[in-house]
Every structure is written in structure tokens, then in C-alpha cells.
2 protein chains.
Amino acid sequence: MRISELSRATGVAIPTVKYYLREGLLARGNATAPNQADYVAAHAHRLHLIRVLREVGGLSIGRVAAVLAAIDDASLPRHELFGVAQRALAPPSAGSASAQVTLAEAEIDLFLADLGWEVSAEAPARRSLAEALVALRKLGRDCGAEVFLPHAQAAGHIAEQEVSGVGAEGDRAAAVEKLVVGTVVFEAALVALRRLAHEHYSGLRAALYTPGQ
Amino acid sequence: MRISELSRATGVAIPTVKYYLREGLLARGNATAPNQADYVAAHAHRLHLIRVLREVGGLSIGRVAAVLAAIDDASLPRHELFGVAQRALAPPSAGSASAQVTLAEAEIDLFLADLGWEVSAEAPARRSLAEALVALRKLGRDCGAEVFLPHAQAAGHIAEQEVSGVGAEGDRAAAVEKLVVGTVVFEAALVALRRLAHEHYSGLRAALYTPGQ
DNA sequence: TATAATGGATACTGCTACTATCTGATTCGG
DNA sequence: CCGAATCAGATAGTAGCAGTATCCATTATA
């Protein structure tokens, strides 16, 4: 497969493919001549993965690179895959937290302890949750971490099912990829479904179908 | 309150405040002299809202502007608020869908019908969900819309509680704002909680605490 | 009154994610 | 076997976004 076929097969423009090659996201094809290289199905798959992470997951190219590095790193022990994948997927938390956020993080820790959840102190999602709490307060809602209880229960439900569904089968790289794709794609799906459910449970369907009223 | 006090009170740099003024996200202060304007608490609140939508919600300035326009539009009837807010918050869906996505959308419609959910055909989240399904397929997972069933149930649960919690009290603008903030902030919280739950339910805590092994 | 800060306009910057162009092979249709 | 098209790779350029910086003629302040 030459670059133009790869491009056609995946729907990614040739200059973009070249850009990914330059950035090291995509391995170079097997060179058969100074200006001829052979790409195989694995290249097309990798290209699809890159695009899904970018477009569905909204990851930057740099973050995609980190995720791919985790997928490719054969030295990672299996039991660390989940953590590494999560860290690679996490948004680049803005350096040091404000005092408000640090305070909120402590509240979040208590909340998680009440739930019986054990998470590492470095989990990026801890910070995100604290920031969400601070956001609510800045906007005048005087609430504690317990506002998140319904969401925590729902999240716990899904996560339990998802984790049990990820078997140990397949090779290591395939397993990390599955983890990453699951995290990213089902997150997008969950968010979309919540919004659809909002629409359903609020009574706005009629309003949307008859916008004139 | 002068601009420097507004800046200090909210933690937003003065040039950034000026940028928001230029873009019309923030109303100008009441001018008391050619180079003196008075800002009030409402300005600080609006500034906080802008930052939350940007940083927690990840919205672009353009999208923030659309959301604020919906909040400020006094002519919107109350029963359309939810729909308008959702549309304003939605990511700018890339024009026309591919054939694959269009096909997936039909499957999603069936899936939603099976759930008994009634959503408008223009709901942007429908497209997002279809795109998630297409992403899974591009990566070699041969699955139907029913893979989303657990997520749909969880999303339904939360949405039901959230919708029932949003009363009709307060003035109209405050109500839309609450809707928007709830959608954005609890979405971020839900996503963070899912990741934390992943960490808890997979057995990776020990691995993270003793990374050397 | 000297110094600093203000509001507003205009111009500039840094970053990201591509695009475009160039070059010297190489392949392919006739 | 020849000329047009295509190729891989390198280098340079672009568009858009979200601020930043600078300038100006005031106005507040020590």
C-alpha cells in the first residue's frame, strides 16, 4: 500500500499523514526505494486510532503521542497499563492548584473515602473533580462534595461493568489499545447519552417539534 | 469597582478582561468619566461564568458567546430554554456527516426508540453518539448500538434526578444559567468520577502506590 | 504636582494542527 | 523507452484561536 492508498483507505489527507509521520505518531512505511514505501493494514489501523483519539476524544497531538507511546511500550508490566493509559489520556493539569482547589481536593478525598473508593493521590481526575466543585462555588452554589453522589453512584455502576468486561485476552498492545479506546469512546457516548436523557426527561420534545408556540 | 479590582476579585488578568469586553462577552462598566468605569458584582459573576465555561466546560470563546446570548435573550419562552441551552453548548458538528455516520444515526434512532426516549431529530448529541459507534467500528469492533445500553441506563438515572432537581424558581436568566452550569459542570464531574471508579474497580491502586514493582 | 493607574483602540504574539511547495527519484501508460 | 504522473521526504508557510502588549489621552492619588 502506498501513501495515496493509505490516504484513500482512511480518509486522511496525504499532507496530514505526512505530518503524523513527521511527529512520530505513525511509523514510516517499509522503504522499497528512495521514494517508495510500503504501508500495511497496521498503518491504516493506527491512523484510524489517531483520528478517533483526536476527534472523538478531543486529544491534542501531543497527548495522542503520549497515548501511543504507552501502547507501544512493551516494557510496561500488564498491571500498570490502566494507570499509564489514564495518565496519558488526562488533560495537562495546569501546574499548581489554587488554594481553593487544594482545599476542595481534601473534601473530595473524604468523599471518595466515604464511597469506599481507593484511588491514588496522583489521579488527575481527583483534581478535575475538585475543580468542578470550586466552579460551582464560584458561581454561588454553596454545596459540598456530596452533590456529586448521584453521579458517583452512576459512574460506579458503569465502571464496574466496564472493568469486568475488559478481559486479559489478546496481546499486551491490543489490551492497552482496548482500554484507551474504551475510556475515550464510551466517555463521549456517556456524555451524549446524558444530554439525550436530559432532553427526554425534561418536557421539551413537544417544544422542539413545534417551535412556533 | 474598577477594572483592576474586578481583575483581582476574579483572578482574570486585565488584558483578558478587556478582550472579553471587546468580544462582547462582558458588558462594559458604567462609564463615570472618559477613562473611568464602574463594574459591579454582576460583572464579577459573569466573568466567573465565562471562565468556568472555558476551563471546566472546554468551550471556545465563540461558544461561550452563544451560551451567554441564550442566557441574556429575554424573549425566549421558558419551555425552550433547555433546548436552546443544549444547542448553544453543543460542539460545532462538522457540517455534513459521512455515509457511515448517517447509517449509524439511523441505528441510534432505533436504539433510542427501544429505550422509550423521545428526542428531537436535531439534537446534536444524536450525531455524537453515532460518531462514537462509527469510531468503534473503524477500530475493528463489530458492535451495534446496544453496546451503549449500560451507559444509557446510567445516563437515564442521573438525568432523571438532575431534571427533577431543577425547579422553576428564580428569574428566567438565572434558570438558564443554572441549566447551563449544571450541564457543563456535572458533565465534567461525571467524567472524572467514571475515571476514578475505573481506577478503583480495576486493581491498580497497589500498582500505583508501588510503581517500582 | 509628580507618579501611577485608567479605559479604550490597535497591533502583536505563541501555539496548534495542519497545508503547500520543492526536489530528485521512480513508476506507469502507450 | 519516453514523457507524464506519482512518490517519499524535507522545509516552509498558513489559519485560527486566545490572549498580550503597547499606546494614548485622561484621571486619580500620594
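The structure presented is a predicted model; accordingly, all values stated were derived computationally and were not measured. To find a chain, count down the sequence lines: A is the first, B the second, and so on, and within it residues start at 1. All heavy atoms count here, side chains included; hydrogens, waters and symmetry mates do not.
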Distance in angstrom units between [X] [atom1] and [N] [atom2], rounded:
| X | N | atom1 | atom2 | answer |
| --- | --- | --- | --- | --- |
| B/Met1 | D/dA28 | CE | P | 18 Å |
| A/Leu59 | C/dC18 | CG | C1' | 17 Å |
| A/Leu21 | C/dT19 | CG | P | 15 Å |
| A/Tyr20 | D/dA10 | OH | P | 19 Å |
| B/His43 | C/dT6 | NE2 | C1' | 16 Å |
| A/Leu53 | C/dA17 | CG | C1' | 15 Å |
| A/Tyr19 | D/dT14 | OH | C1' | 13 Å |
| A/Arg63 | C/dC15 | CZ | C1' | 15 Å |

Looking only at side-chain N and O atoms, does [X] come under 4.0 Å of OP1 or OP2 in [N]?
| X | N | value |
| --- | --- | --- |
| A/Arg2 | C/dT26 | no |
| A/Arg51 | C/dC18 | yes |
| B/Thr16 | D/dA18 | no |
| A/Arg54 | C/dA17 | yes |

Let's see if you can work this out: which of [options] has an atom nearest to the side-chain heavy atoms of [X]?
| X | options | result |
| --- | --- | --- |
| A/Pro34 | D/dT27, C/dT26, D/dC7 | C/dT26 |
| B/Tyr39 | C/dG8, D/dT20, C/dT26 | C/dG8 |
| B/Pro15 | D/dT20, C/dT27, C/dG8 | D/dT20 |

Residue whose nearest DNA chain D nucleotide is more 5′ - B/Ala13 or B/Asn35
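With B/Asn35 and B/Ala13 compared, the 5'-side residue is B/Ala13.
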Spacing of A/Leu68 atom CG and A/Arg46 atom CZ [to the nearest 0.5 Å]
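If I round to the nearest 0.5 Å, the distance is 4.5 Å.
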What distance do A/Gln100 atom CD and A/Glu131 atom CD have between them, rounded to the nearest 0.5 Å?
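The distance works out to 11.0 Å.
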Any donor and acceptor pair, going by atom type alone, linking the side chain of B/Arg63 with main-chain N or O of B/Ala88 inside 3.5 Å?
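No, the answer is negative, given that no donor and acceptor are paired below the 3.5 Å cut-off.
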Strictly distance-based, threshold 3.5 Å: is any side-chain N or O of B/Arg87 a donor or acceptor partner for the main-chain N or O of B/Gly83?
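Pair found, side chain donor or acceptor close to backbone of B/Gly83.
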Any salt bridge linking A/Glu55 with B/Lys138? Criterion: basic side-chain nitrogen under 4.0 Å from a carboxylate oxygen.
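B/Lys138 and A/Glu55: not salt-bridged.
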Along DNA chain C (nearest heavy atom to each residue), the more 5'-positioned of B/Arg22 and B/Ile14:
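Going by which nucleotide is closer to the 5' end, it is B/Ile14.
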Could you pick out which residue, A/Ala33 or A/Lys18, lies toward the 5' side of DNA chain C when each is mapped onto its nearest nucleotide?
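Comparing both residues, the 5'-ward one is A/Lys18.
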